[in-house]
Structure formats: C-alpha cells, structure tokens
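Written below as structure tokens is the structure these notes are about.
Counting starts at 1 for both ligands and their atoms, following the listed order.
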Amino acid sequence: MKAVVYGGPGTVRVDDVPEPKIDAPGDAVVKVSRTAICGSDLHLLHGKTPGMRDGGVIGHEFVGVVTDGPERFVGHRVLGSFLIACGSCDFCSRQKFNFCRNRRALGLGALTGDLDGAQAEYVRVPDAAVNLKPVPDGLDDEQALFAGDILATGFYAARICEIAPDDIVAIFGAGPVGLFTALAARRFSPERILLIDQDPERVRFARDVYDFEALDTSEMAPEAVVAGATDGRMATVAVDAVGAVGVVKSAMKVVRDGSRIAVVGVYGSERYELPMGVAWVRGIDLRFSGMANVQATWDEALDAIASDELDPTRAITHRLSLDDAVAGYELFESRQAMKVVLQP
Ligand code: NAD
Ligand code: ZN
C-alpha cells in the first residue's frame with residue numbers, strides 16, 4: 001500500500017510499504033479515508049522527535065472504515081486517537097488516558113511505541129475499543145477528523161487552563177492547535193482571547209476565518225504587543241501552542257503575577273534555564289499538558305461540532321491526494337497552508 005514515510009531529517013516520501021495486519025487481540029485495521037498533517041509531524045520532519053525510524057509510516061490524524069478487528073467495529077466509520085492508551089491500567093480507569101502506563105502514539109517514533117502511522121491507505125490501531133470511536137451520525141469525515149487530535153488537544157488545553165470569565169487568555173501560536181485552543185477557550189467566556197503569532201498570514205487567518213482578536217509579533221516583542229492591546233493589564237492565562245523555548249519565556253512576560261501558563265506545544269531535548277526566584281515570587285503556575293487526553297475530551301469536541309457551536313473544517317485550506325503528500329508537507333511547513341488534508 002501507499003504511505004508517507006520518514007526519510008531522515010528534512011525528508012518525507014510516499015512509498016510502497018506492507019499493509020498492516022492484526023498483530024494482537026484488540027487490534028483493528030482501518031482503511032483510511034481522510035488523514036491530515038499535524039504540527040507534530042513537522043517536529044518529526046525537523047528531526048526533533050527522537051527515535052523515528054527511517055521508513056517508518058508517519059501520521060496520527062485519521063478517519064476511515066474498519067476492515068478487520070473487533071466484530072462490533074468492522075464495517076463502521078471511525079475516527080482514531082493519536083494517543084494510544086491501553087484502557088485497563090490504573091490511569092486509564094481514572095480517565096487519565098494521557099498518563100496510561102502503556103502509553104503510545106501513532107506514527108511518532110520509538111519513544112512512543114514505534115507504531116506505524118495513518119498517512120497511509122491502511123493503519124493498524126491497537127486496543128481499538130479505547131482508541132477508535134464511531135463517527136457520530138450526521139458528521140462527515142472532515143468534521144470528525146480533528147477530534148482525535150488537535151481539536152481534542154484544544155479542549156484539553158482549555159480545560160487545564162481553568163479559564164474563568166474574568167480571564168484574559170493569551171495563546172501563542174495561531175496554527176491549528178492555537179486556533180482550536182481558542183475555539184475551546186471561547187466556551188468558557190473569558191473576558192478576552194488574544195491569539196499571538198509572528199507570521200502575519202496566520203494572524204490574518206485567525207481574524208478573517210474565525211473572527212479572533214489576533215496580534216502580530218513579527219515586528220515587536222510579545223510583551224509590548226500584549227501591553228499595548230490590554231492597556232498594560234496583561235494576560236492572566238497563557239498557552240504555548242508552538243513548542244519553542246522562546247515562547248515559554250515570552251509567556252512568562254505577558255502574564256500578570258499569579259497567572260497560569262499551559263505548555264501544550266511539544267518539546268524534545270530542548271533545555272530552558274528557569275529563573276526560579278522570579279517564577280516563585282510572581283507565583284507563576286506553569287503547567288505541562290503532556291499528550292492531550294484525547295479519549296477524555298473527544299465526546300465534548302464532537303458534541304460541539306454536531307451542535308454547530310464550532311466548525312473545525314474552516315481551518316482546512318488544502319485537500320490533496322496522498323500521492324501529493326510531499327507537496328502538502330511543503331505547504332504546511334512554509335505556512336502557506338493552515339491545515340492539509342490528504343485522501344489516500
Ligand atoms: P504549526 O507549526 O502549524 O503552528 C505553530 C504556530 O506557531 C505557527 O503559526 C508559527 O508561526 C507560530 N510561532 C512560531 N514561533 C512563534 C513565536 N515565537 N511566537 C508566536 N508564534 C510562533 O503547528 P500546530 O499544528 O498548530 O501545532 C502546534 C504545537 O502543538 C506543536 O508543537 C505540536 O507538536 C503541538 N501539539 C501538541 C499536542 C499535545 O498533545 N500536547 C497535540 C497536537 C499538537
Ligand atoms: Zn498531532
């Protein structure tokens with residue numbers, strides 16, 4: 001079958017690979033109908049994801065039809081979670097799937113289980129009962145696609161930020177994850193949501209397509225921009241939806257004392273010297289999301305889509321054949337695309 005495979009730092013290619021088969025009880029094989037490229041795939045492309053194998057299949061956002069596996073799934077249209085949980089450990093039984101003792105992820109290398117990914121014609125999904133979900137009636141593939149990763153991540157980010165009505169929420173990164181975090185944050189009715197990006201095109205997209213208040217930091221430091229936008233009041237919650245150390249530093253500068261910062265962007269081996277005294281005296285509450293708790297948030301995300309409260313499909317700017325995946329990666333990496341959907 002055809003699949004997008006990693007070819008070493010900076011390289012992906014569409015290749016012929018063996019079709020996946022049931023490997024363990026509970027596995028399902030899904031014929032992928034739609035899959036997407038995520039910011040986490042760019043980290044991988046940039047060689048930032050340790051343990052990704054040359055020739056390993058990439059991809060973890062997908063919708064499709066189950067062709068083999070548990071009887072109750074076969075023939076059904078499903079969406080998949082990027083986070084692969086076992087469903088039976090003590091964390092899973094407490095709905096903390098992202099801390100599952102057997103935690104894995106699709107298509108993200110050896111540190112997360114070396115599972116082949118979903119930018120392919122078929123994907124094998126372990127513990128299907130936990131990691132697949134039937135697409136609710138009335139939702140099409142594209143509507144459901146992001147509830148297994150970036151939309152669930154946005155919902156999880158908003159949840160761990162504990163947003164209250166008097167909060168001013170500053171979200172760094174107006175990429176898909178930042179946008180979806182903002183959509184989820186909106187449901188808590190904070191005083192303001194500020195999306196911050198240094199790419200003017202991403203700022204324009206957030207304003208024009210989702211009607212967000214978006215701030216361009218390409219010319220000025222984020223703390224100055226946020227000070228200007230808030231008359232010096234600054235933010236009370238900040239989210240790193242980028243995954244770059246400089247953003248955590250900036251987040252500390254744009255929040256008032258006693259604020260929360262949630263780090264949702266993915267980190268590999270980066271290091272940051274935290275000014276402990278400053279963080280302590282200012283009472284900065286720095287939280288790391290870890291992998292998003294998809295299985296605990298995807299119902300909420302799907303309900304919000306079904307009730308027309310939000311429309312994740314507006315973020316899709318490019319629909320390409322899986323054969324053209326390399327062009328899709330170039331479009332997304334250069335930020336000409338907001339979200340690229342691939343059709344095998
Ligand atoms: P993306 O690359 O499309 O978006 C990142 C955005 O950040 C871009 O618009 C870029 O211009 C902007 N940016 C870069 N540096 C910046 C800076 N210094 N200040 C402000 N903006 C800056 O990626 P995405 O798909 O939106 O993903 C964002 C992050 O979320 C990635 O790190 C990804 O790995 C991570 N992620 C985490 C989870 C999770 O489970 N925690 C799930 C999905 C994605
Ligand atoms: Zn992802």
Which residue supplies the protein heavy atom nearest to [atom], what is that atom called, and how far is it?
atom: atom 25 (O) of ligand 1; answer: Gly39 N, 3.0 Å
atom: atom 14 (C) of ligand 1; answer: Val242 CG1, 3.4 Å
atom: atom 42 (C) of ligand 1; answer: Thr153 OG1, 3.3 Å
atom: atom 37 (C) of ligand 1; answer: Val264 O, 3.2 Å
atom: atom 28 (C) of ligand 1; answer: Ala241 O, 3.2 Å
atom: atom 36 (N) of ligand 1; answer: Ser40 OG, 3.8 Å

Polar contacts were defined as any N/O atom of the residue lying under 3.5 Å from an N/O atom of the ligand; does this apply to [X] and ligand 1?
X: Ala292; answer: yes
X: Met291; answer: no
X: Val177; answer: yes
X: Gly178; answer: no

Within 6.0 Å of [atom1] in [X], more than 12 heavy atoms from elsewhere:
X: Lys31; atom1: NZ; answer: no
X: Asp137; atom1: CG; answer: no
X: Arg271; atom1: CZ; answer: no

Taking only non-hydrogen atoms of Asp199 and a 4.0 Å limit, the atoms of ligand 1 in range are 11 (O)
Which ILVMFWY residues can you reach from Leu132 by hopping between side chains whose heavy atoms are under 4.5 Å apart? Val30, Val32, Phe62, Val66, Phe73, Val74, Val78, Ile84, Leu106, Leu115, Val123, Val125
In the hydrophobic clustering (ILVMFWY, side-chain contacts below 4.5 Å, transitive), which residues join Ile22, or is it alone? Met1, Val5, Val17, Val29, Val57, Tyr122
Does some non-hydrogen atom of [X] fall short of 4.0 Å from ligand 1?
X: Ala244; answer: no
X: Phe332; answer: yes
X: Ser289; answer: yes
X: Ser250; answer: no

Just say parallel, tilted or perpendicular for the rings of Tyr210 and Phe180, cut-offs at 30° and 60°.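 Aromatic pair Tyr210/Phe180 classed perpendicular.
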Kindly write out the residues that satisfy side-chain contact (heavy atoms from CB on, under 4.5 Å) with Arg233, not counting sequence neighbours, or none if the list is empty. Ile168, Glu191, Thr230, Arg256
Do you know which of Val326, Leu322, Leu320 makes side-chain contact (heavy atoms from CB on, under 4.5 Å) with Asp324?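 Looking at Val326, Leu322, Leu320, the match for Asp324 under the side-chain contact (heavy atoms from CB on, under 4.5 Å) is Leu320.
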Tell me whether Arg192 is salt-bridged to Glu213, with the criterion being a basic N under 4.0 Å from an acidic carboxylate O.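 Between Glu213 and Arg192 there is a salt bridge, with a charged N closer than 4.0 Å to a carboxylate O.
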Hey, does the Lys NZ or Arg CZ of Arg186 hover above the aromatic six-ring of Phe212, less than 6.0 Å from the centre and inside 45° of the axis? yes
Applying salt bridge (charged side-chain N to carboxylate O under 4.0 Å, His left out) between Glu142 and each of Arg314, Lys339, Arg319, report the one that passes.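 Exactly one pass, corresponding to Arg319.
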Membership question, hydrophobic clusters at under 4.5 Å side-chain separation (ILVMFWY): are Met234 and Leu286 in the same one?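 Shared cluster, yes.
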With a 4.5 Å cut-off on side-chain heavy atoms, are Val169 and Cys161 touching?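 With C-beta onward as the side chain, the pair stays apart.
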As a check for students: among [options], identify the option with a heavy atom nearest to [atom].
atom: atom 16 (C) of ligand 1; options: Arg335, Glu201, Arg202, Gln198; value: Gln198
atom: atom 11 (O) of ligand 1; options: Asn293, Asp197, Asp149; value: Asp197
atom: atom 2 (O) of ligand 1; options: Leu42, Leu151, Val245; value: Leu42

If you count every protein N, O or S atom closer than 2.8 Å to the Zn ion (ligand 2), you should arrive at 3
